[in-house]
Amino acid sequence: MTIIHNPKWWKEATIYQIYPASFKDSNNDGWGDLAGITSKLDYIKELGVDAIWVCPFYDSPQEDMGYDIANYEKVWPRYGTSEDCFQMIEESHKRGIKVIVDLVINHCSEEHEWFKESRSSKTNAKRDWFFWKPPKGYEIDGTPIPPNNWRSFFGGSAWKYDENTEEFFLHVFAPGQPDFNWENKECRQAIYDSSVGFWLRHNVDGFRIDVGSMYSKVEGLPDASITDPTVPYQDGTDFFVNGPRIHEYHKEMRQYMYTQIPEGKEIMTVGEVGIGNEKDFKDYTSSKEEEFNMMFNFKHTSVGESPEFKYELIPFTLKDFKLALAESFLFIEGTDCWSTIYLENHDQPRSVSRFGSDSPEWREISSKMLATLIISLTGTVFIYQGQELGMPNFKNRKIEQIKCVEGTGTYGAIKRDYGEDSEKMKKFYEALALISRDHGRTPFLGVVKSPTLVFPRMRNHGSILMNHL
Ligand code: GLC
Ligand code: CA
């Protein structure tokens with residue numbers, strides 16, 4: 001493989017992802033917190049990690065575990081204070097660990113001041129910062145019909161009706177996560193200043209860009225074609241994933257970032273892209289395009305899930321998995337692009353349970369095999385808290401115990417559309433047992449009785465690889 005050699009710290013880095021709620025609870029209130037993270041930095045350093053990516057810790061009603069942000073510039077009180085956060089950044093830097101934070105700006109929370117203003121009246125100055133539309137019509141009983149047939153990723157319509165102004169707003173995720181209208185320039189500038197600028201001015205070293213492929217929606221928000229006639233709402237992703245203006249937005253945002261950092265500082269960004277074609281991946285990650293430094297592809301983590309519906313398992317072979325994983329990095333050959341390698345994150349089950357075996361006999365060796373796999377491919381390695389110990393999925397959790405809004409929302413939609421005793425529900429339960437997002441969100445260590453490290457020391461594996469290219 002040949003790549004254009006352009007050394008950067010982030011190409012050689014191993015990045016350790018932390019989910020604040022379940023990493024380390026410093027005051028025994030049952031929630032992990034930022035002071036807890038700070039107290040574990042020596043452990044993290046010892047793993048050979050170069051940077052941490054901390055999932056959202058901002059003020060939020062927690063409908064989607066902090067991916068619904070009410071204030072970009074404030075820490076959620078359960079996680080601590082702004083001072084705790086600045087201290088976490090400073091203490092990381094003292095140890096030579098960089099800090100990447102989550103940038104969630106496809107949407108905010110219904111509780112964000114901007115949305116509250118926008119919802120207050122049709123003539124409010126921020127009305128156009130979100131997608132508001134009148135009903136398409138009314139059912140015989142007077143129920144308003146959503147403006148289009150898009151479904152939300154978390155079940156049901158992607159539109160929520162607002163009694164106050166008798167219009168719907170768009171939310172491609174949970175109802176409490178209104179999508180920003182990126183067409184509005186004033187809105188984009190406000191987002192940059194509050195979510196990007198504020199944290200760069202507080203010394204973070206980069207961003208993980210949440211659903212970074214979805215900001216640009218096709219004009220007019222047309223109806224999706226009907227791929228599943230058995231349900232009322234359809235997959236609208238053709239109209240908002242890798243949309244018409246997405247690359248323009250990312251270039252603009254990257255330019256803004258440069259205005260907020262001292263001369264010579266090398267920040268990094270990793271965009272959550274998910275799906276797309278090779279051209280999209282290259283456009284996002286080519287260094288001359290100046291959008292992201294690297295991106296996450298979902299191809300390999302979606303192997304074994306039905307393409308029509310995530311919570312329906314389908315068989316797959318080792319070859320399917322290998323080909324899918326290769327899609328993460330083969331596209332960079334002969335280019336100035338860069339890639340990522342990961343098997344786990346907070347949206348995925350534990351890799352040893354998903355792709356290996358978590359039986360007592362095989363768990364350790366199986367986790368080591370997966371560790372070896374990911375450190376021997378091309379790209380920046382991301383590992384998720386607990387993966388270094390080979391943490392497995394939990395077993396036998398009942399639907400009432402599921403916390404994740406994707407799980408509960410999907411359950412509600414299947415119950416309404418098909419019923420509790422349907423075949424669809426049976427398949428959903430089977431899938432949930434294997435791939436619920438909650439598997440990655442249980443307390444760190446939790447069920448692992450005798451922790452042993454399944455990862456080799458990770459430092460600088462990237463440079464070792466580069467020397468072999
Ligand atoms: C991303 C996050 C996920 C969240 C969603 C909506 O996919 O990783 O946890 O639910 O975006 O913000
Ligand atoms: Ca706590």
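Note that the numbering runs from 1 along the sequence shown for the chain. Reckoned from all heavy atoms, side chains included, excluding hydrogens, waters and symmetry mates. Order of appearance sets the numbers: ligands from 1, and atoms from 1 within every ligand.
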>> Would you say Asp128 and Asn184 are linked by a side-chain donor-acceptor pair, where the criterion is simply a distance under 3.5 Å?
In response: yes
>> If the threshold is 4.0 Å, N to carboxylate O, is there a salt bridge linking Lys310 and Glu406?
In response: yes
> When you check the side-chain N and O atoms of Asp210 and Asn106, is any donor under 3.5 Å from an acceptor?
Replying inline: no
>> Within the 4.5 Å heavy-atom criterion, are Lys424 and Phe309 side-chain neighbours or not?
In response: yes
>> According to ring-ring contact (aromatic ring centres under 6.0 Å, His included), who are the partners of Trp53, at least two apart in sequence or on a separate chain?
In response: Phe296
> Does the side chain of Asp228 pick up a donor-acceptor pair with the side chain of Gln234 at under 3.5 Å?
Replying inline: no
> So which residues, sorted by chain and number, lie with a heavy atom under 4.0 Å of ligand 1?
Replying inline: Asp64, Tyr67, His107, Phe154, Phe173, Gln177, Arg208, Asp210, Val211, Glu272, His346, Asp347, Arg437, Arg441
> Do Lys98 and Asp205 meet the salt-bridge criterion of a basic N to acidic O distance under 4.0 Å?
Replying inline: no
> ring-ring contact (aromatic ring centres under 6.0 Å, His included) with Phe316: which residues, sequence neighbours excluded?
Replying inline: none
> Any luck finding a side-chain donor-acceptor pair between Trp132 and Ser118 under 3.5 Å?
Replying inline: yes
> With a cut-off of 3.0 Å, how many protein N, O or S atoms neighbour the Ca ion (ligand 2)?
Replying inline: 5
